[in-house]
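See below for the structure under consideration.
All chains are named by letter (A, B, ...) in the order of the sequence lines, taking the proteins before the strands, and each is independently numbered beginning at 1.
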Amino acid sequence: MSVALSVEDLLEAYRTMRTIREFEDRLHVEFAKGGIPGFVHLYAGEEASATGVCMNLNDHDHIASNHRGHGHSIAKGVDVHGMMAEIFGKRTGTCRGKGGSMHIADFDRGMMGANGIVGGGPPLVCGAALAHKLRGTGGVAVAFFGDGASNQGTTFESMNLASVWKLPVVFVAENNGYAEATASKFSVACGDIATRAAAFGMPGVTVDGHDFFAVFEAMRIATERARRGDGPSLIECKLDRYYGHFEGDNQNYRGPDEVKNLRANKDCLQRFAKALTGDHGIAAESLAAIDRDVLALIEDAVAQALAAPNPEPADLLTDVYIKY
Amino acid sequence: MSVALSVEDLLEAYRTMRTIREFEDRLHVEFAKGGIPGFVHLYAGEEASATGVCMNLNDHDHIASNHRGHGHSIAKGVDVHGMMAEIFGKRTGTCRGKGGSMHIADFDRGMMGANGIVGGGPPLVCGAALAHKLRGTGGVAVAFFGDGASNQGTTFESMNLASVWKLPVVFVAENNGYAEATASKFSVACGDIATRAAAFGMPGVTVDGHDFFAVFEAMRIATERARRGDGPSLIECKLDRYYGHFEGDNQNYRGPDEVKNLRANKDCLQRFAKALTGDHGIAAESLAAIDRDVLALIEDAVAQALAAPNPEPADLLTDVYIKY
Amino acid sequence: MARKILFQDAIREALDQEMARDPSVIVMGEDVVGGTGAPGEMDAWGGVLGVTKGLYGKYGNRIMDTPISESAFVGAAVGAATCGMRPVVELMFIDFMGVCFDQIYNQAAKFRYMFGGKAQTPVVVRTMIGAGFRAAAQHSQCLYPMFTHVPGLKVVVPSSPYDAKGLLIQAIRDNDPVIFCEHKALYAMEGEVPEESYTIPFGEANVVREGKDVTVVALGRMVGFATKVADDLAKGGISCEVIDPRTTSPFDEDTVLESVENTGRLVVVDEASPRCGMAADIAALVAQKGFSFLEAPIEMVTAPHTPVPFNGVLEDLYIPGPAKIEAAIRKVKGYKG
Amino acid sequence: MARKILFQDAIREALDQEMARDPSVIVMGEDVVGGTGAPGEMDAWGGVLGVTKGLYGKYGNRIMDTPISESAFVGAAVGAATCGMRPVVELMFIDFMGVCFDQIYNQAAKFRYMFGGKAQTPVVVRTMIGAGFRAAAQHSQCLYPMFTHVPGLKVVVPSSPYDAKGLLIQAIRDNDPVIFCEHKALYAMEGEVPEESYTIPFGEANVVREGKDVTVVALGRMVGFATKVADDLAKGGISCEVIDPRTTSPFDEDTVLESVENTGRLVVVDEASPRCGMAADIAALVAQKGFSFLEAPIEMVTAPHTPVPFNGVLEDLYIPGPAKIEAAIRKVKGYKG
Ligand SMILES: Cc1ncc(C[n+]2csc(CCOP(=O)(O)OP(=O)(O)O)c2C)c(N)n1
Ligand SMILES: Cc1ncc(C[n+]2csc(CCOP(=O)(O)OP(=O)(O)O)c2C)c(N)n1
Ligand SMILES: [Mg+2]
Ligand SMILES: [Mg+2]
């Protein structure tokens with residue numbers, strides 16, 4: 001790693017990763033209880049990607065996310081209480097209960113929205129990046145998308161447009177091996193998604209998405225390039241999801257013990273914790289303290305979400321320009 | 001060249017190229033006279049590409065074309081009289097006057113249609129190729145598209161799909177340097193379109209599209225691969241158009257004398273004729289005879305088109321499933 | 001015909017029977033098999049709600065998983081149709097049409113006309129519609145009015161297992177492109193369905209219930225609501241004729257007009273958005289061609305002109321439900337000119 | 001205000017004045033400059049019909065050529081709008097919406113609602129509509145009914161140079177996504193246009209001509225036809241009120257309903273396809289809310305339910321022209337209930 005992160009940074013990264021994990025694990029439980037409506041796609045297992053990427057960003061930078069957006073949102077600083085309430089559909093939610101898990105957005109944090117449309121986000125970040133460029137803010141915009149989305153025309157077009165316009169964009173392909181029940185081995189004709197960068201005249205790199213440091217470093221380079229005005233980059237994070245495509249998926253398309261082995265051998269949080277307590281000499285108790293904080297936070301977020309009111313009937317007709 | 005073409009083949013190729021040239025030159029004149037309605041995009045200058053490609057195909061193979069489709073159609077064997085009548089909007093036209101220049105199709109010749117939508121054709125040929133594959137016909141399907149279309153999401157998706165499904169498709173990118181008034185130097189972020197083949201796990205090659213033999217050979221290899229069941233290929237033909245994007249374009253975005261120089265130094269017909277009368281020992285008179293034939297053919301096609309009737313008013317409501 | 005099966009099984013049965021009958025029928029879409037390239041089971045999903053499950057075992061490579069590239073694979077289905085296949089392509093949710101609409105309305109829909117009658121495009125696009133799943137604004141739309149607007153497309157909105165099977169078989173055999181809209185909230189509906197193959201012609205409305213006071217035209221999921229309301233109102237002496245057009249294009253004008261001729265009153269119920277929607281389309285038809293029959297204003301009961309909200313309380317208010325239908329019927333019944 | 005300019009110059013002037021006034025206004029699209037990367041002149045085209053010509057010289061990189069990647073650049077305009085810019089993006093022909101529709105109806109249109117009122121998307125999509133150019137089925141459509149169907153979009157269909165300028169300035173200043181439909185056959189229309197900047201509010205119909213016998217509602221190019229017919233019929237003693245809604249969404253219901261209250265008779269003229277189109281939408285509105293005013297069936301004059309043919313004879317038959325409008329007016333006028 002060519003840039004030293006401070007202990008505070010590292011602990012913040014740990015807190016973010018732990019918050020995402022706890023948030024998702026808890027949603028898994030709450031969903032099974034029947035309390036959560038709709039489609040819910042969990043990010044557990046992929047925390048190092050969102051965190052390693054967003055640690056390079058500030059509040060003025062932008063991200064656009066996808067259907068699996070909780071991790072990106074948390075890493076970008078969206079309020080966890082608001083998110084939890086939103087996922088429960090409550091009026092106190094980030095989107096006042098009108099969006100749900102697939103549509104969490106917070107423009108004050110530069111979070112342009114999760115997205116129910118695969119490939120919906122990449123064009124949008126080109127626009128955010130264009131705004132940064134025209135205003136000379138030095139800001140960056142990031143598109144998170146999956147291996148499945150890497151085959152969507154909108155994604156390809158956006159890479160070309162960002163390159164042609166030399167936009168400060170970073171394309172982060174989170175390759176978790178599956179798009180629903182279809183393997184990326186089948187759907188991505190060229191194997192590594194990073195290979196596609198050459199088709200758009202930009203640098204591309206594949207990193208181990210379980211390794212916070214690898215993601216952080218790739219993103220550091222890409223972000224610097226973008227802020228310098230040299231244009232977009234593509235980073236492919238190879239990683240794994242721990243739960244099904246959405247809650248309810250029995251994952252019969254995965255190998256026997258696939259997830260068990262991943263959890264045991266590749267877990268990004270364990271690996272990060274080990275690095276912190278090892279190389280970086282951070283006391284295990286510091287991490288344990290964060291774990292307790294996070295647990296309490298999520299506990300509180302769920303309790304508040306459960307207690308929060310539903311939207312008012314009148315909310316049905318607000319936030320759209322006119323009634324008919 | 002690794003496969004010897006017979007003299008008959010070469011003369012046929014010459015006839016095709018000359019027919020396209022004559023057809024387009026004449027349309028340029030007729031358009032200026034005001035006799036031709038709508039948007040007309042001429043293929044003159046690019047004849048070696050359509051001809052070199054289609055000489056590798058038979059009537060059972062398919063092509064899908066774009067807005068600049070006259071050359072592809074003629075090379076694929078569509079009747080010149082029908083085409084001319086169609087461009088004039090007459091009832092005797094290939095599409096009974098309902099399609100016009102941008103929508104010439106002839107499924108009996110495997111010509112799936114010109115297309116008014118940039119990037120409309122590549123998905124369609126995946127389907128034709130799929131039909132060939134499932135039926136085991138050994139047939140091939142070809143998508144012709146321009147440098148501009150090479151940036152359209154539908155084109156990228158189709159390349160990936162063809163590769164993933166191992167379809168017998170050949171993608172022929174005709175890079176004439178411009179999409180309307182915008183240079184491919186600007187719009188194609190990676191420079192050569194053939195570079196993009198790697199993003200879809202297929203072979204890609206750039207050839208001199210003014211050189212019939214180069215196009216023919218690249219296509220021969222790609223077609224063999226497709227017929228063998230080894231999947232798609234991408235061929236980029238670098239070539240030039242002699243007229244404007246459409247008739248009426250003043251081409252002020254081109255360099256001074258650009259077209260004049262191209263005509264003088266790079267003309268595919270001159271070059272081909274030279275090779276035939278030189279290396280291949282064909283008598284100049286054989287070519288001159290073809291030239292005369294072709295001239296008479298086009299003359300007759302125009303005369304017949306002008307004399308042909310318009311559609312009947314009742315034709316407005318036919319060929320669509322129901323009237324309201 | 002005593003056998004009862006689910007709506008979603010009726011759809012699978014139609015596909016199965018047509019695939020068995022005609023080797024040119026093929027199926028493609030995202031995870032319509034499931035498991036392609038993966039280490040676990042093949043036919044892992046059979047579609048996101050299991051509708052095509054089991055077909056892979058019977059028909060192998062005639063049912064194909066696709067990358068997430070709707071333009072390419074919908075277009076491939078269209079292209080294959082012009083080359084003699086009869087593809088049934090699944091667009092998982094109709095909401096996703098925005099990434100592939102060109103291949104449907106500019107390509108498939110226009111070929112026959114634009115090519116002077118010399119092309120034929122027998123492709124079926126199966127797709128899920130409708131609200132009620134707490135799936136929010138991008139997974140709950142109806143959108144069939146947009147397809148109905150397009151000359152050259154046929155559009156089907158079945159309301160029962162029986163209709164789903166017969167209309168899907170008709171769609172597959174039809175030589176024009178067909179958009180086949182399956183309401184996700186109907187998948188679990190049970191109904192009588194003959195085992196043998198049968199077709200229901202397009203453009204023939206189903207008079208679900210006869211009546212003399214008010215004509216109620218409803219589509220898809222709304223047919224059940226309207227029938228229930230009609231049953232209830234019958235007890236109170238209001239007799240409703242409930243008509244399910246079954247296909248929005250072609251549309252059976254005659255059945256609707258004849259009914260209004262008898263009743264003089266019309267309520268149109270549609271889950272789609274109101275502006276330029278099916279309710280307006282049907283109301284306008286009657287205002288033009290059946291005006292002299294009308295004894296009361298035409299009432300339209302639709303969703304409000306808003307996106308579909310996530311929260312369940314709001315979503316239930318969004319969906320045109322029995323209460324709103326009943327109110328509309330009472331209103332036109334009570335109208336004194 | 002004696003100055004007369006062309007419709008297309010009125011559009012350029014609106015863009016020019018707004019770009020001068022507000023640095024967040026930017027313009028993008030295919031060849032809206034023309035010549036990017038090429039050896040010849042910059043600003044070579046200024047749009048395919050020259051509408052944006054000259055803006056590059058004044059505003060430099062605030063007007064941008066794009067690759068042919070409508071999803072990406074329309075989406076970029078949408079994204080930039082959510083970040084405080086006011087992009088005006090050109091989709092050359094509305095027919096091309098099929099390759100980028102998702103960014104318009106699932107993204108731009110839904111953000112404000114779906115995000116609980118916390119997003120704002122002030123993007124304008126300028127696009128050419130309409131038949132009459134012998135441009136055939138894929139370059140001649142109207143399609144605004146599809147956009148009108150979508151909650152969250154505003155849709156503008158100007159019919160004169162004056163309206164084009166005022167409505168476009170309004171569109172740019174509006175905080176919601178606006179689809180601005182420019183009929184290509186109107187570009188060469190001349191009309192009085194004030195030099196100074198002005199706005200025309202959305203949802204306010206223009207009563208182009210007052211009258212007492214028949215209300216004629218027409219949009220875009222049809223307004224001119226309807227007015228001409230009304231002028232002719234006036235000589236024969238039939239007095240038509242011609243209403244141009246100007247925006248299809250929001251729609252000025254009141255002006256139409258008040259007019260029908262006075263006339264008792266309605267003809268709706270629209271160039272778009274008939275099914276789920278604007279004519280049906282307006283007819284349905286009146287059949288529901290203005291039924292008691294009606295003394296005759298509502299006549300709809302639209303294109304037939306076919307793609308747009310290439311041949312000029314057929315295309316002229318396709319377009320709803322003065323003869324059909326006149327026949328419809330005479331029909332409703334002559335109706336005896
Ligand atoms: C345009 C579109 N097509 C299909 C879907 C259905 N869908 C939702 S998520 C998904 C898989 C996405 O896979 P990937 O991009 O790899 O992300 P992951 O779920 O693995 O994080 C699919 C097919 C959709 N939402 N939008
Ligand atoms: C989807 C779509 N976008 C834009 C256009 C307008 N248009 C027609 S041809 C063209 C340029 C095409 O360039 P290229 O693919 O290089 O082909 P060429 O004209 O050079 O042969 C454009 C922008 C269109 N017809 N369809
Ligand atoms: Mg994935
Ligand atoms: Mg080109």
Side-chain angles (χ1 to χ4, degrees), chain C residues 71 95-107 109-110 113-114 136-138 141 143 145-146 148-152 248-249 251 266 268 272-292 294 296-300 304-307 309-310 335 337, chain D residues 71 95-107 109-110 113-114 136-138 141 143 145-146 148-152 248-249 251 266 268 272-292 294 296-300 304-307 309-310 335 337:
Chain C
S71 280
D95 310 70
F96 306 163
M97 63 170 256
V99 297
C100 60
F101 198 25
D102 183 74
Q103 288 293 328
I104 296 173
Y105 83 95
N106 269 331
Q107 312 294 335
K110 295 188 173 41
Y113 189 88
M114 197 161 67
Q138 293 175 339
Q141 298 167 87
L143 298 183
M146 294 194 189
T148 305
H149 183 64
V150 178
T248 65
S249 183
F251 186 83
L266 174 64
V268 192
S273 291
R275 301 296 318 284
C276 298
M278 268 312 295
D281 188 75
I282 297 167
L285 163 74
V286 175
Q288 176 163 26
K289 299 190 183 168
F291 177 76
S292 63
L294 284 172
I298 298 170
E299 280 297 313
M300 295 183 277
H305 189 63
T306 72
F310 168 63
Y335 181 83
Chain D
S71 280
D95 310 70
F96 306 163
M97 63 171 255
V99 297
C100 60
F101 198 24
D102 183 74
Q103 289 293 329
I104 295 172
Y105 82 95
N106 269 331
Q107 311 295 335
K110 294 186 172 44
Y113 190 87
M114 197 162 67
Q138 293 175 340
Q141 298 168 86
L143 298 182
M146 294 194 188
T148 305
H149 183 64
V150 178
T248 65
S249 186
F251 186 82
L266 175 63
V268 192
S273 291
R275 302 297 316 286
C276 298
M278 266 315 293
D281 188 76
I282 296 167
L285 163 73
V286 175
Q288 177 164 22
K289 299 192 183 167
F291 178 76
S292 63
L294 284 173
I298 298 170
E299 279 298 313
M300 295 182 277
H305 189 64
T306 73
F310 168 63
Y335 181 84

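With a 4.5 Å cut-off on non-hydrogen atoms, D:Ser71 does not touch chain C at all. Residue D:Ala137 touches chain C through both its backbone and its side chain, counting heavy-atom pairs closer than 4.5 Å. With a 4.5 Å cut-off on non-hydrogen atoms, D:Val150 touches chain C through its backbone and its side chain both. For chain C, the nearby parts of D:Met146 are the backbone and the side chain; heavy atoms of each come within less than 4.5 Å.
Comparing D:Asp281, D:Leu285, D:Leu143 by how many heavy-atom pairs each has under 4.5 Å with chain C, the most go to D:Asp281. Contact count against chain D (heavy-atom pairs under 4.5 Å) is highest for C:Ala280 among C:Ala280, C:Ser292, C:Ala136. With chain D as partner, the option from C:Val286, C:Leu294, C:Val268, C:Asp102 having the largest number of non-hydrogen pairs under 4.5 angstrom is C:Asp102. Top candidate by heavy-atom pairs under 4.5 Å with chain D, chosen from C:Pro297, C:Ala284, C:Cys276, is C:Cys276. The residue among C:Cys100, C:Pro145, C:Ala283 with the most heavy atom pairs within less than 4.5 Å of chain D is C:Pro145. Of all the listed residues (D:His149, D:Met278, D:Met300), the one sharing the greatest number of non-hydrogen pairs under 4.5 Å with chain C is D:His149.
Residues D:Gln141 and C:Asn106 come closest through the heavy atom pair NE2-OD1, 3.0 Å. Heavy-atom minimum distance, D:Pro309 versus C:Tyr113: CB-OH, 3.6 Å. When all heavy atoms are compared, the tightest approach of D:His305 to C:Ser249 is NE2-OG, 4.0 Å.
Using the six-membered ring where Trp is involved, C:Tyr335 and D:Phe291 have ring planes that are perpendicular, over 60° apart on the 30 and 60° scheme.
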Give the intermediate values and the outcome of side chain to side chain contact (heavy atoms under 4.5 Å, CB included) for residues C:Gln103 and C:Met97. CA-CA 10 Å; C:Gln103 288 293 328; C:Met97 63 170 256; over 6 Å; no
Test side chain to side chain contact (heavy atoms under 4.5 Å, CB included) on D:Gln138 and D:Phe96; report intermediate values, then the result. CA-CA 8 Å; D:Gln138 293 175 340; D:Phe96 306 163; 5.9 Å; no
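You'll find the side chain of D:Pro307 reaches within 4.5 Å of the side chain of C:Lys110, heavy atoms only.
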